[in-house]
Amino acid sequence: MGRTDTNKVKRPVRAAPALLIGAVLVIGVLLWRQFQGQPDGTAGDRPDAASPAARPDQAAAGADDAPIPIGDITRPSRPKTLVDELADKVDPARDGWDTEVLTDAVGVQLKAMAKLIEHPERIDAGHLSSLASDEFACDDLRPAPLDEVLNDGTMRVLRWNGESTSSQIGNSLARALKHLVAGLGAGDDIRASFKVVGIDNAEAFFTTRLFGEFSNRTNGSGVQQNAVWQCRWSFPKAASATPPRLQWIGLVAYDEVVTKVDGGQLFADCTASVMGRNASYQDQVLPGIDHWLTRLPRSLMVIFHGFHGLALGDVNGDDLEDVYACDGGGLPNRLYVQNVDGTVTDVAAAAGVDWLEYSTAALLIDLDNDGDQDLVVAADPVLLLLENDGDGRFTLRARPRAVAEAYSLAAADYDEDGDLDVFVCCYRGDTTTLDRPPLPAPFPFYDANNGGANALFRNDGDFRFVNVTEATGLDANNTRFSYSAVWEDYDNDGDVDLYVANDFGRNSLYGNDGGQFTDVAPEAGVEDMATGMSVSWGDCNRDGFMDLYVGNMFSSAGSRVTYQPMVTQAHRSDTVANFQRLARGNTLFTNAGDGTFNDVSEAAGVTKGRWAWASKFVDFNNDTWLDLVVANGFVTNSDSGDL
């Protein structure tokens, strides 16, 4: 079975706040259309401060196009657009979302509490007077005893079993926080953060459900505390400018991870020491996408998302893994060959692989069965198929037209003829023209089937590849904004099957029967209607059957708002459930061995992977049990708030 390029590795990118706001508005457009039932996005007619109806001086003139003075500059007024309507909704108070108004107020208080945790010397009655009410009570936030659930000599995991314990905290928030922070040990690298994932109103108070993460790191160890709190708050009083105050904190879940390693962390960033001597790293990678967006034309497809994958393989036969990295149009792809000292040297130009095309994915695999690693590059809208001469120099052998936006590639011998075939995941696009079509709006948002079509290329030898998507049955359910795919024999029948993770809506599991495929995801119970971005197979419970982990998006905001009456009472229960599922996060399916799977995500505690682009089973502590590694994030920005 061939190597699969399932994990989209993101180069760190930065964008101006306007880009983040734009992303919020785009997502808002889609959600607004779903909830309003208006696929054409018809805008409302509520006036704003810039419209004639809201400005008596302009309304009196009776002209919709009367100029509005702004200093010495004038601009014409215009009809209110959908974007204007969505901009109005940024303020939840103007849109009827009382619970989000409360969430914002609670957020201010939680940031203040996080600062106190990070500076425990300030935890005293004076600093806490505006956080806790007079009647405050609290569970022990670091309960005892804690059960040891893992100890491999380097990492120790302790977990509360949920049983009630006697608490010495009583009604003192100061004592509760000091006891919590004491578990982090000495040091000046304490960090704290909160996410509000649920909120409910009552007549005399309101409650929130929080995720809390607290950590500290010293030269020889690191500690991380993960907690779930249920909190009761008094309502804020606008007249007296009194913020919401904590009345009670109840502990729902708690675990603690202690690592005994130099620097206090299991992994260290060695990028600069490994790659820093290369001009391509200094001049091309480090400046960031903001730099290149202002210097390269849009037609080259340099976009702020940074959708460029990489491939790992030994290109020169020295038994050291090398890296091929894709990049945006106009920027050469790079081939980093590993040296014996662990550093790498960019040899892309000498190897003939410094392509300038917009490239989104790559594979290093043996396409011609000669024992060396050949190269496949998804270069919009074609596949570049390059033959390796055995010493790491490549020759272009074929460039079949594939898809306009191939977000990932996966290779396997699906027809058991002895050579590797290639599956191409397409997000959007057109296979007949170089002109990029407009981005289709996924509709419905949770079950879209109007994206680009994926493609399977059969290897007929001598670098001849034939598109057999329709002939093999893989054209079924094939336009779902696909991000990632992985081959695996999940049913242990001797041939490889294919799982495809789709961004909007249902995922697909294509069962292989003699080279013919059928989407069996509904019967297998693995459609996982969420924002599928990555997928990995692994036998996590060691029962002989491969299990499935799917990377999606976790959203604290979505977890709150989709449970509010404005949503639950206004829409059908199945529609509401679909939107709630969108916000839940990642999914772990265990293989039942009978062709079906069980969703054990919440019981296993693996849903909160944040905005999870890549997810991978890997035994990172060499204890023979598969662990999970999740790469997450989006656009680097000064505002770390949840979209």
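Worth knowing before you read on, the calculation uses all heavy atoms, side chains too, and leaves out hydrogens, waters and symmetry mates. Predicted model, so just to flag it, every value in this text is computed and none were measured.
Distance alone, capped at 3.5 Å, is enough to place a donor-acceptor pair between the His308 side chain and the Ser359 backbone. Side-chain N or O atoms of Asn632 include none that pairs as donor or acceptor with a backbone N or O of Trp613 at under 3.5 Å. Within the 3.5 Å criterion, the main-chain N or O of Gly595 finds no donor-acceptor partner in the side chain of Asp491. Put simply, the side chain of Asp314 gets close to the backbone of Asp318: a donor and an acceptor are under 3.5 Å apart. The backbone N or O of Pro332 lies less than 3.5 Å from a partner atom in the side chain of Gln284, making a donor-acceptor pair. Although no hydrogens or angles enter the test, the distance criterion places a donor-acceptor pair under 3.5 Å between the side chain of Gln580 and the main chain of Thr562. Side-chain N or O atoms of Asn278 include none that pairs as donor or acceptor with a backbone N or O of Gln282 at under 3.5 Å. Judged purely by atom type and a 3.5 angstrom limit, Asn454 has no side-chain atom pairing as donor or acceptor with the backbone of Cys425. A donor-acceptor distance shorter than 3.5 angstrom exists from the side chain of Asn512 to the backbone of Val496, with no hydrogens or angles considered.
Closest non-hydrogen pair, Pro522 versus Glu527, comes out as CG-OE2, 3.4 Å. Between Gly532 and Val550 the shortest heavy-atom distance is CA-CG1, 4.5 Å. Here the shortest heavy-atom pairing between Leu588 and Cys540 reads CD1-SG, 4.3 Å. For the pair Gln373 and Phe394, the tightest heavy-atom approach, listed with the atom from each and the gap, is O-CE2, 3.5 Å. Between Leu385 and Pro400, the shortest heavy-atom distance links the atoms CD1-CD, 3.8 Å. Annotation for Cys326 and Val377: closest pair SG-CG1, 4.5 Å, computed over non-hydrogen atoms.
Here the side chains of Val344 and Asp322 are not in contact, with every heavy-atom distance at 4.5 Å or above. Contact check for Thr587 versus Asn552: side-chain heavy atoms found under the 4.5 Å cut-off. Taking the side chain as every heavy atom from C-beta outward, Asp374 and Ile365 never approach each other to under 4.5 Å. Residues Leu364 and Val315 meet the side-chain proximity criterion, which asks for heavy atoms closer than 4.5 Å. Between Leu509 and Leu498 the shortest side-chain heavy-atom distance does not fall below 4.5 Å. With contacts defined as side-chain heavy-atom distances shorter than 4.5 Å, the pair Met529/Asp447 qualifies. The shortest side-chain heavy-atom distance between Asn388 and Leu375 does not fall under the 4.5 Å cut-off. By the 4.5 Å heavy-atom criterion applied to side chains, Asn316 and Val337 are counted as neighbours.
Side-chain contact check for Thr271 and Tyr281: no donor-acceptor pair (N or O, by modelled atom type) lies under 3.5 Å. Side-chain contact annotation: Thr345 with Asn339, donor-acceptor N/O pair under 3.5 Å present. Using modelled atom types and a 3.5 Å distance limit, the side chains of Asn477 and Ser508 yield no donor-acceptor pair. Side-chain polar atoms of Asn333 and Tyr324 form a donor-acceptor pair below 3.5 angstrom. At a cut-off of 3.5 Å, with distance as the only test, a side-chain donor of Thr479 or Asn449 sits close to an acceptor on the other residue. Looking at Asn502 and Ser482, their side chains do bring a donor and an acceptor atom within 3.5 Å of each other. For the 3.5 Å distance criterion, the side chains of Tyr549 and Asn586 qualify, holding a donor opposite an acceptor.
Under the 4.0 Å criterion applied to side-chain N and carboxylate O atoms, Arg334 and Asp327 are assigned as salt-bridge partners. Ion pairing between a basic and an acidic side chain is recognised when a charged N comes within 4.0 Å of a carboxylate O; Arg397 and Asp462 show such pairing. For Asp599 and Arg584, the salt-bridge test passes: some basic side-chain N is under 4.0 Å from an acidic carboxylate O.
Residue Gln516 qualifies as enclosed at atom CD: its count of foreign heavy atoms under 6.0 Å is above 12. Counting non-hydrogen atoms of neighbouring residues, nucleotides and ligands closer than 6.0 angstrom, the CD atom of Glu602 reaches no more than 12 such neighbours. The number of heavy atoms from other shown groups lying within 6.0 Å of CG (Asn598) is above 12.
Taken from CE in Met553 to CE in Met533, the straight-line distance is 4.5 Å, to the nearest 0.5 Å. Here the straight-line distance linking atom CG of Asp475 with atom CD of Glu470 works out to 5.0 Å at 0.5 Å rounding. In this structure, CZ in Arg480 is found 14.5 Å from SG in Cys426, a value given to the nearest 0.5 Å. Atom CG of residue Asn467 and atom CG of residue Leu456 lie 7.5 Å apart, to the nearest 0.5 angstrom. Note that the CE atom of Met546 and the OG1 atom of Thr590 stand 13.5 Å from one another [nearest 0.5 Å]. Atom CZ of Phe465 sits about 8.0 Å away from atom CG of Leu420, to the nearest 0.5 Å.
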- Task: Could you walk me through whether Asp346 and Ser280 pass side chain to side chain donor-acceptor pair (under 3.5 Å), step by step?
- Result: CA-CA 7 Å; Asp346 184 2; Ser280 61; 2.8 Å; yes
- Task: Check the pair Asp547, Asn541 against side chain to side chain contact (heavy atoms under 4.5 Å, CB included), reporting the backbone distance first and the verdict last.
- Result: CA-CA 8 Å; Asp547 309 304; Asn541 52 11; 3.1 Å; yes
- Determine, step by step, whether Tyr490 and Phe597 satisfy the ring pair (Phe, Tyr, Trp, His ring centres under 6.0 Å) criterion, reporting the C-alpha distance in whole Å, the side-chain angles of both residues, the deciding distance to 0.1 Å, and the verdict. CA-CA 10 Å; Tyr490 83 92; Phe597 292 76; 5.8 Å; yes
- Hey, mind stepping through Trp355 and Leu396 against side chain to side chain contact (heavy atoms under 4.5 Å, CB included) and telling me if it holds? CA-CA 11 Å; Trp355 296 92; Leu396 179 64; 3.8 Å; yes
- Task: Mind running side chain to side chain donor-acceptor pair (under 3.5 Å) on Thr469 and Asn478 for me, showing each step along the way?
- Result: CA-CA 9 Å; Thr469 311; Asn478 193 35; 5.6 Å; no
- Does the pair Ser484 and Ser534 meet the rule for a side chain to side chain donor-acceptor pair (under 3.5 Å), with working shown? CA-CA 5 Å; Ser484 181; Ser534 57; over 6 Å; no
- Item | side chain to side chain contact (heavy atoms under 4.5 Å, CB included) between Val422 and Asn459, intermediate numbers included | CA-CA 8 Å; Val422 178; Asn459 188 344; over 6 Å; no
- Message: Between Phe617 and Leu548, does the side chain to side chain contact (heavy atoms under 4.5 Å, CB included) criterion hold? Intermediate values first, please.
- Response: CA-CA 9 Å; Phe617 281 112; Leu548 189 64; over 6 Å; no
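Remark: of the listed residues Tyr499, Phe504, Tyr407, Tyr407 is the sole one forming a ring pair (Phe, Tyr, Trp, His ring centres under 6.0 Å) with Tyr483.
Remark: Phe545 pairs with Asn492, Asp543, Asn591 by the side chain to side chain contact (heavy atoms under 4.5 Å, CB included) rule, at least two apart or across chains. Remark: Asp528 engages Arg581 in a salt bridge (charged side-chain N to carboxylate O under 4.0 Å, His left out) (not counting sequence neighbours).
For Phe423 and Phe457, the gap between ring centers reaches or exceeds 6.0 Å.
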